[in-house]
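First the structure, in the form of structure tokens, and then the observations on it.
These numbers come from a predicted model, not from an experiment. The basis for the numbers below is simple: all heavy atoms, side chains too, and nothing from hydrogens, waters or symmetry mates.
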Amino acid sequence: MNIVLKHIGKSAEDLRFFILKDGAHAGGVTVHSVQGTCFSYGIAVTETRRRQGIAKAALPLLFDFMKRRGFDKVLVQVRPDNAASLALHTSLGFAETARDAHAVTLIRTL
């Protein structure tokens, strides 16, 4: 599987990317928040391409990109009922730091 992140932001600070699988659009990633050397993001995979390992292949590309820009931590919040996203982030080395009725907060060192 050939996964690529294509920067679509209007500037170097506008961190929005298309996820391409074998050259075709498969989703997107947006860096939402930057605080010091920690960032958070949102990811979406198109409905017809879910459960194919696309997010698991795309996120390490984002992490490498952000690490080269000087970031050393990544934080993500996931709905408690989103078992697929929780399993994905756990498999990528995230650790849960907080949980309430609305969100599970996970963090990972790059």
Side-chain angles (χ1 to χ4, degrees):
M1 173 174 18
N2 181 25
I3 298 293
V4 174
L5 290 183
K6 179 182 177 184
H7 183 249
I8 60 166
K10 297 182 192 249
S11 70
E13 289 75 35
D14 183 359
L15 299 172
R16 292 180 292 150
F17 304 86
F18 279 153
I19 302 170
L20 304 176
K21 177 186 177 196
D22 300 325
H25 182 263
V29 181
T30 300
V31 174
H32 293 297
S33 176
V34 172
Q35 294 182 3
T37 60
C38 183
F39 71 96
S40 63
Y41 63 89
I43 185 167
V45 174
T46 58
E47 190 172 345
T48 59
R49 300 218 181 226
R50 292 182 186 154
R51 304 256 186 231
Q52 297 177 23
I54 292 169
K56 191 167 188 170
L59 287 174
L61 299 175
L62 177 68
F63 301 160
D64 289 344
F65 176 88
M66 296 301 283
K67 188 172 184 175
R68 287 191 307 273
R69 293 189 77 167
F71 292 88
D72 61 9
K73 287 188 185 110
V74 56
L75 178 135
V76 67
Q77 290 190 312
V78 177
R79 286 189 337 262
D81 64 346
N82 190 339
S85 185
L86 290 169
L88 166 68
H89 287 92
T90 299
S91 77
L92 291 171
F94 282 78
E96 184 176 324
T97 61
R99 178 184 290 256
D100 64 25
H102 305 287
V104 178
T105 302
L106 303 117
I107 196 161
R108 178 185 189 271
T109 300
L110 299 180

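Hydrophobic clustering of Ile, Leu, Val, Met, Phe, Trp and Tyr side chains at less than 4.5 Å, counting indirect connections, keeps Y41 apart from I8. When the side chains of ILVMFWY residues are joined at heavy-atom separations under 4.5 Å, either directly or via intervening members, V76 and V34 end up in a single hydrophobic cluster. Hydrophobic clustering (ILVMFWY, side-chain heavy atoms < 4.5 Å, transitive): I43 and V74 are in one cluster. One hydrophobic cluster, built from ILVMFWY side chains closer than 4.5 Å, cannot hold both L75 and F39; they sit in different ones. The hydrophobic cluster containing I3 does not contain L20, counting ILVMFWY residues as joined when their side-chain heavy atoms lie under 4.5 angstrom apart, directly or transitively.
Checked by atom type and distance alone, the side chain of Q52 pairs as donor or acceptor with a backbone atom of T48 at under 3.5 Å. A donor-acceptor contact shorter than 3.5 Å is absent between the side chain of H89 and the backbone of S91.
Pairing each heavy atom of L15 with each of F65, the nearest pair is CD2-CE2, 3.8 Å. Between V4 and N2, the shortest heavy-atom distance links the atoms CG2-OD1, 3.9 Å. P60 and A55 make their closest contact through CD-O, 4.4 Å (heavy atoms, listed as atom of the first residue, atom of the second, distance). Minimum heavy-atom separation, L92 to R108: O-NE, 2.5 Å. P80 and D100 make their closest contact through CG-O, 3.5 Å (heavy atoms, listed as atom of the first residue, atom of the second, distance). Closest of all the heavy-atom pairs between A26 and R49 is CB-CD, 3.6 Å.
M66 is listed as a side-chain neighbour of V31, based on a closest heavy-atom distance under 4.5 Å.
With S40 as the partner, the side-chain contact (heavy atoms from CB on, under 4.5 Å) test is satisfied by one option alone out of H32, Q77, K73: H32. I19 pairs in a side-chain contact (heavy atoms from CB on, under 4.5 Å) with only one of the listed residues (I54, L62, T46), which is I54.
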Item to check | Candidate pair L59 and L88, rule side-chain contact (heavy atoms from CB on, under 4.5 Å), full reasoning | outcome: CA-CA 10 Å; L59 287 174; L88 166 68; 4.0 Å; yes

Checklist entry - What's the verdict on side-chain contact (heavy atoms from CB on, under 4.5 Å) for N82 and V104, showing C-alpha distance, side-chain angles and the deciding distance? => result CA-CA 10 Å; N82 190 339; V104 178; over 6 Å; no

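Annotation for F18: atom CZ does not count as buried by contact number, only 12 or fewer foreign heavy atoms lying within 6.0 Å.
Taking CD1 from I107 and OG1 from T97, the interatomic distance works out to 6.0 Å, rounded to the nearest 0.5 Å.
Judged as a salt bridge (Lys or Arg N to Asp or Glu O under 4.0 Å), and not counting sequence neighbours, the contacts of D14 are R16. Shown here are the side chain to side chain donor-acceptor pair (under 3.5 Å) partners of R79, two or more places apart in sequence or in another chain: D81.
For F71 and F63, the distance between ring centers is not under 6.0 angstrom.
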